[in-house]
Number of protein chains: 2
Amino acid sequence: MDGGTALAPVEREESLTEKVYRSLRGALTGGRLAPGQRLVHRTLAAELNVSPTPVREALLRLVSEAALELDARGIAWVPRLELPRYREIMELRVELEGRAVARATELATFTDVARLRDLHAGVAEGRRTGNAAQVLRENERFHFALLELARMPVLARVVESLWLQAGPTISLLFRPGTSAVPGAHPHMDLLAAMAARDPAAARQAMERDLRAHGALIEAALERGGG
Amino acid sequence: MDGGTALAPVEREESLTEKVYRSLRGALTGGRLAPGQRLVHRTLAAELNVSPTPVREALLRLVSEAALELDARGIAWVPRLELPRYREIMELRVELEGRAVARATELATFTDVARLRDLHAGVAEGRRTGNAAQVLRENERFHFALLELARMPVLARVVESLWLQAGPTISLLFRPGTSAVPGAHPHMDLLAAMAARDPAAARQAMERDLRAHGALIEAALERGGG
DNA sequence: ATATCGCATTTGCTATAGCAAACAACAAGG
DNA sequence: CCTTGTTGTTTGCTATAGCAAATGCGATAT
């Protein structure tokens, strides 16, 4: 019985808690849960056809990641992001994702950069067709793939958490039409810098990318969007 | 009925989940839970005289904060910190706590700095008497008070999470005697810089402080402590 | 019309129960 | 002595039940 050495280890199928968590996470970053929305665990459980227990666990997990908050009564809800807090999140993202992209530039192979180029194509297509949801979704994939390349798991986890905190507000306020920044998309500069093995330039491109997006959201927040 | 306006709002007493969470958190940073230790939720519940549910919730919360991990079977355990990951955590702490102390220096009043001085006295006392647990505990209070002064809640939360990830390993390996760095304690330089309203100097002092501690742990990890 | 009281409902929190998979220990066989 | 099979135990996961506090609503009184 040794033909088995070629077999991959069986994947333990994920728990219900995990499934609910992923579903909620996707809803948060995908803009299907708006700031202010309340999430009553029993109600959600009924909708998802599971018992309240795994739903409650998933909600508490999101609370511990600051993606949700509990009101005075203990009911989970999507927090409204005030401008100062949004700015703080963006400052941290600039620093941390900047670091990550510099590191990724040192480590990335030609193939890695090519893959990133493919991912950016999705973003570009969304921009052309004015599909905000697609832009956000593909942009997220691009950034997370980049984070992966940096081989900094602790940092990556922090950025994911920041992403999740800002996600609902960004989804609510982002409109791709508005972001017609002159010149090439910062992602293109970033990819060029990576191909040229220039970590500092890559970092600067990342910073421009984040600040360009960030400025749009800040403007909307100032108009009273939060 | 307006005599009530002077009353503080009644504090909703914390849930059992919260209590268990705090207890475990303290055990992790206080060195009462060593890397490798397994935490079986039913057993723990029996020891704490509560039902398994809140214990399970507290454990899952710590898992989501990367303070604990789940093994293949789903049992929570205190992860062993490999050197690269420890280094990554320290790099992030240097950046983030450095940022925080620079900001705190801009915002802190004379009274704030005096309070920090008091907190450092606890650290100094622990050093004099060779009480490792006291040094770690008071050092934590000092750093968190500093974070509070920076008014950067998102950053503070991230640092707390990093602290928790490194806590068990630090507690395991830290010995105050070893850390007889020549010259004044970096905290003293830091406090002087804050009093002088010099954010850059404060940041540098923080970096020296973290790297001095960090070097001790790294040395112990290299000797095979993890 | 407004305020107040009371009751039914909602809802988070904790405890308990049952299941299934993994594990451990021990017995039987080679 | 080592392997194999069996059986009892451990343990995470999910569902369910009951409690208590908060809430909401309607009735009643002023």
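Heavy-atom basis, side chains included; hydrogens, waters and symmetry copies ignored. Lettering of chains follows the sequences in order, A, B, ..., and the numbering in each one begins at 1.
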Completion exercise
Contacts of B/Arg61 meeting salt bridge (charged side-chain N to carboxylate O under 4.0 Å, His left out) (sequence neighbours excluded), chain-then-number -> B/Glu18, B/Glu65
Handout entry: Pairing residues for A/Arg56 by the salt bridge (charged side-chain N to carboxylate O under 4.0 Å, His left out) criterion, not counting sequence neighbours
Key =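 In terms of salt bridge (charged side-chain N to carboxylate O under 4.0 Å, His left out), with neighbours along the sequence ignored, A/Arg56 is linked to B/Glu57.
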Show me the protein contacts with nucleotides 14-17 of chain C, counting only N or O atoms at under 3.5 Å.
unit_1 : atom_1 : unit_2  : atom_2 : d
C/dT14 : OP1    : B/Leu16 : N      : 2.4
C/dT14 : OP2    : B/Thr17 : OG1    : 3.4
C/dA15 : OP2    : B/Ser51 : N      : 2.6
C/dA15 : OP2    : B/Ser51 : OG     : 2.7
C/dA15 : O5'    : B/Ser51 : OG     : 3.4
C/dA15 : N7     : B/Thr53 : OG1    : 3.0
C/dT16 : O4     : B/Thr53 : OG1    : 3.3

In whole angstrom, give the distance that lies between atom [atom1] of [X] and atom [atom2] of [N].
X: B/His41; N: D/dT10; atom1: NE2; atom2: C1'; answer: 11 Å
X: B/Leu39; N: D/dG12; atom1: CG; atom2: C1'; answer: 14 Å
X: B/Leu70; N: D/dT11; atom1: CG; atom2: C1'; answer: 13 Å
X: A/Trp77; N: C/dT11; atom1: CH2; atom2: C1'; answer: 18 Å

Side-chain donor-acceptor contacts of residues 214-221 of chain A below 3.5 Å, not counting sequence neighbours, with atom names and distances?
unit_1   : atom_1 : unit_2  : atom_2 : d
A/Glu218 : OE1    : A/Arg87 : NE     : 3.0
A/Glu218 : OE1    : A/Arg87 : NH2    : 3.3

Exercise for the section: Describe the nucleic acid contact of A/Ile75 in one word from base, sugar-phosphate, nothing, applying a heavy-atom distance below 4.0 Å. Expected result: sugar-phosphate
Practice task
Write out all pairs satisfying ring pair (Phe, Tyr, Trp, His ring centres under 6.0 Å) with one or both partners inside residues 146-172 of chain A, taking only residues at least two apart or from two chains.
Solution key: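 Found A/His143-A/Trp163, A/Phe144-A/Trp163.
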Problem - Backbone N/O of B/Leu155 and side chain of A/Glu88: donor-acceptor pair under 3.5 Å - result: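 It does hold such a pair.
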Problem - Any pair counted as side-chain hydrogen bond (donor to acceptor under 3.5 Å, both in side chains), so long as it reaches residues 24-50 of chain B, sequence neighbours left out - result: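 Pairs touching residues 24-50 of chain B that pass the test: B/Tyr21-B/Arg25.
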Practice task
Tell whether A/Arg73 reaches the base of C/dT10 with its side chain through a donor-acceptor pair below 3.5 angstrom.
Solution key: yes
